[in-house]
Q: 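Let me begin by handing over the structure; questions about it come next.
Chain letters run A, B, ... following the sequence lines, proteins first and then strands; every chain starts at 1.
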Amino acid sequence: MNDIRLIREKPEVMREALAKRQMDTAPVDRILALDEERRAKLSELEALRAQRNSASKEIGRMKEQAQRETMKDQVRVINIQIDALDTLVGELDAQLQEAMYELPNIPDADVPIGKDDSENVVIKTVGTLREFAFTPLPHYELGTKLGYLDFERGVKLAGTRFYVTSGPLAKLQRGLIQWLLDHHIARGYREFGLPFMTKEEIMLGAGQLPKFRENLYHDVERDAWFVPTAEIPLTGLHMNDILNGDDLPLNYTAYTPCFRKENLAAGKDTRGIKRGFQFDKVEMYKYCKPEDSEQELQNMVADIEDILVQLQIPYRVKELCTGDLGANSTKTYDLEVWAPGIGEWLEVSSASNVRDFQARRSNIRFRRAPGAKPEFVHTLNGSGLGVPRTMIAILENYQQEDDWIEVPQVLREYVRLDAIK
RNA sequence: GGAGGGGUCGCAUAGCCAGGUCUAGUGCGGCCGCCUGCUAAGCGGCUCUAGGGGGUUAUUCCUCUAGCGCGGGUUCAAAUCCCGCCCCCUCCGCCA
């Protein structure tokens, strides 16, 4: 969520942000009107309440019965006005809140302007694409051929877009998660074991609701929503907290499955294990002081790059343009790996500076010094990494002529296998 | 699922039965000052958050409103009474 005071004082900043994102600027005017009316009515309401409060106290002190009754009648009249105004202010509040929830974050000034994902900017490409002496197979053919990847049984169990791994492939999956977590821990992140469901208010605070309601799975009886990413509970951890400035930055990491109800048509985009309704991911998350968030974003990207360097998989870093930037983010880098079998660059990680957007929604603040005024923290999130797509990259890059797969050197002690045959 | 106890301004507690000087008291902790060769003790003062309005203008000041787990209700007035919900503790039942 954005700062209402910023919109009140410099609406042009918000209009410009929306224009850069290829969005309509009309909500800004609606918000300005609602805010002005709300404040005017609120002042009236509070003045009446002050009147009631002092009158009530006076009644308490009065000795004479007749006098008291006259006074009570007067307050009853005030109360009718208070009720009406209270209802009105409540409605204005709700409308304003809803409009504010819909507004996206303001892109950083240096984010490239562009209309959509075709105008994202490749910052760098690292590693050389392997030359194959044979035609590399896509992972879904390779895995099926080996008998360790079973799409039919996934559908049998849970319907379309689910699959089952087994044997060495299941082991690779588990070992990869373990290695990723250890990688982050070694670089100063603290691991968390989190609930895979959160309350609606946590989803709202992280900016997942109300926007992505139709993409989330949830329990209709309890207030419990399946997480689409560990970013949600990692944000919720410190909801309503006032952190100690000396403890910042906080670097967190967590593994969770992710549940996303993305209703895409079957075809190239959903073939294989690229885009299931459920997938594993190790997430990285930072809470920091506002002045440090740009540097922390760079640090996080460096941490992610190190994973890919160690896995020895060619990758490239893209900076998203304003037209493709997620609503929460002010600046995002996508890391993409080369998958020779399907012949695509695959997004395995997306690292974003969210600045104070989630902190304001979730009310997460810090104090620079004891007694100092609380300020909103900045938060950042990044995947480190999405597991299925990393598996695709490993399978397809490390495949050998007779349909077996070499296990990347760094993973061998985790997977306890040198090869998947 | 049942019975009982509980949730109060960092922590601990009082206030609730008998609604109104509760502007929520006290202790601990924390901050500032005094005293002091130094430290400790002692003494005095201060202590949360959000929002609105006003004066100043990028320090701060004045004032009002709201907040005692959450949401409703009763009342001129609710920490206090009533209803619903959530969470924690103890015991019982159920399931592993």
Q: For Gln310(A), give me all partners under side-chain hydrogen bond (donor to acceptor under 3.5 Å, both in side chains), at least two apart in sequence or on another chain.
A: Asp306(A)
Q: Taking all heavy atoms of Phe366(A) and all of Gly245(A), pick out the closest pair and write down the distance.
A: CD1-CA, 3.8 Å
Q: Report the residue (Arg68(A) or Asp73(A)) whose heavy-atom-nearest nucleotide on RNA chain B is the more 5′ of the two.
A: Arg68(A)
Q: Ignoring hydrogens and angles, state whether a donor on the side chain of Thr330(A) or Asp108(A) is under 3.5 Å from an acceptor on the partner side chain.
A: yes
Q: Rounding to the closest angstrom, what is the interatomic distance between G5(B) and C48(B) at atom P?
A: 36 Å
Q: With rounding to whole Å, what would you report as the distance between U26(B) and G15(B) at their P atoms?
A: 15 Å
Q: Return the pairing partner of G51(B) with a 3.5 Å limit on both distances, Watson-Crick or G-U wobble; otherwise return none.
A: C64(B)
Q: Expressed in angstrom and rounded to an integer, what is the separation of Asp83(A) atom CG from U74(B) atom C1'?
A: 13 Å
Q: Using only heavy-atom distances, determine whether the side chains of Asp280(A) and Tyr255(A) contain a donor-acceptor pair under 3.5 Å.
A: yes
Q: Taking only the P atom of each, what is the distance from G93(B) to G2(B) in whole angstrom?
A: 16 Å
Q: Determine which nucleotide pairs with G33(B), using a 3.5 Å limit on both distances of a Watson-Crick or G-U wobble pair.
A: C43(B)
Q: When the C1' atoms of G73(B) and A78(B) are compared, how many Å lie between them, rounded to an integer?
A: 11 Å
Q: Which one is paired to A79(B), where only Watson-Crick or G-U wobble pairs with both distances under 3.5 angstrom count?
A: none
Q: If U26(B) has a Watson-Crick or G-U wobble mate with both distances under 3.5 Å, name it; if not, just say none.
A: A12(B)
Q: Could you check whether Glu91(A) and Gln95(A), counting side-chain N and O atoms only, form a donor-acceptor pair closer than 3.5 Å?
A: no
Q: Could you check which nucleotide pairs with G19(B) in any of the strands shown, counting Watson-Crick or G-U wobble with both distances under 3.5 Å?
A: none
Q: Assign each of Ile242(A) and Lys199(A) to its nearest nucleotide of RNA chain B by heavy atoms, then name whichever residue's nucleotide is nearer the 5' end.
A: Ile242(A)
Q: Base, sugar-phosphate alone, or nothing: which one does Asn79(A) contact when heavy atoms must sit under 4.0 Å apart?
A: sugar-phosphate
Q: For G51(B) versus C32(B), give the span between their P atoms, rounded off to a whole number of Å.
A: 27 Å
Q: Rounded to the nearest angstrom, tell me the gap between atom CE in Met1(A) and atom P in G51(B).
A: 11 Å
Q: Assess the side chains of Asn381(A) and Ser352(A): does a donor N or O sit below 3.5 Å from an acceptor N or O?
A: no
Q: Does atom CZ of Arg153(A) have more than 12 heavy-atom neighbours from other groups under 6.0 Å away?
A: no
Q: Does Arg39(A) place a side-chain N or O at less than 4.0 Å from the phosphate oxygens OP1/OP2 of G53(B)?
A: yes
Q: Give the rounded distance in Å between these two atoms: CG of Asp3(A) and P of A50(B).
A: 13 Å
Q: Between Leu96(A) (CG) and A50(B) (P), how many Å, whole number?
A: 18 Å
Q: Provide the Watson-Crick or G-U wobble partner of C70(B), both distances under 3.5 Å; none if there is no partner.
A: G84(B)
Q: With P as the reference atom in both, quote the distance from C88(B) to G29(B) in angstrom, rounded to an integer.
A: 32 Å
Q: Check every strand shown and say whether Leu42(A) touches a base, only sugar-phosphate, or nothing at a heavy-atom separation below 4.0 Å.
A: sugar-phosphate
Q: Just one of Phe376(A), Tyr285(A), Tyr287(A), Phe192(A) clears the ring pair (Phe, Tyr, Trp, His ring centres under 6.0 Å) bar with His238(A), so which one?
A: Tyr287(A)
Q: What residues form a side-chain hydrogen bond (donor to acceptor under 3.5 Å, both in side chains) with Arg316(A), not counting sequence neighbours?
A: Glu336(A)
Q: With heavy atoms under 4.0 Å as the rule, sort Arg360(A) into base, sugar-phosphate or nothing.
A: nothing
Q: Hey, what are the protein-to-nucleotides 65-73 of chain B N/O distances that come in under 3.5 Å?
A:
from: U65(B); atom 1: OP1; to: Asn53(A); atom 2: ND2; distance (Å): 3.0
from: A66(B); atom 1: OP2; to: Asn53(A); atom 2: ND2; distance (Å): 3.4

Q: Expressed in whole Å, how much space separates the C1' atoms belonging to G7(B) and C68(B)?
A: 10 Å
Q: If I take atom CZ in residue Arg5(A) and atom C1' in nucleotide G53(B), what distance separates them, rounded to the nearest angstrom?
A: 14 Å
Q: Taking atom C1' of A58(B) as reference, at what distance in whole Å does atom NZ of Lys373(A) sit?
A: 15 Å
Q: Given atom CD1 of Ile82(A) and atom C1' of A77(B), what is their separation to the nearest angstrom?
A: 11 Å
Q: Which value, in whole Å, describes the distance between the C1' atoms of nucleotides C82(B) and G19(B)?
A: 13 Å
Q: How many Å lie between CD on Glu200(A) and P on C85(B), as a whole number?
A: 20 Å
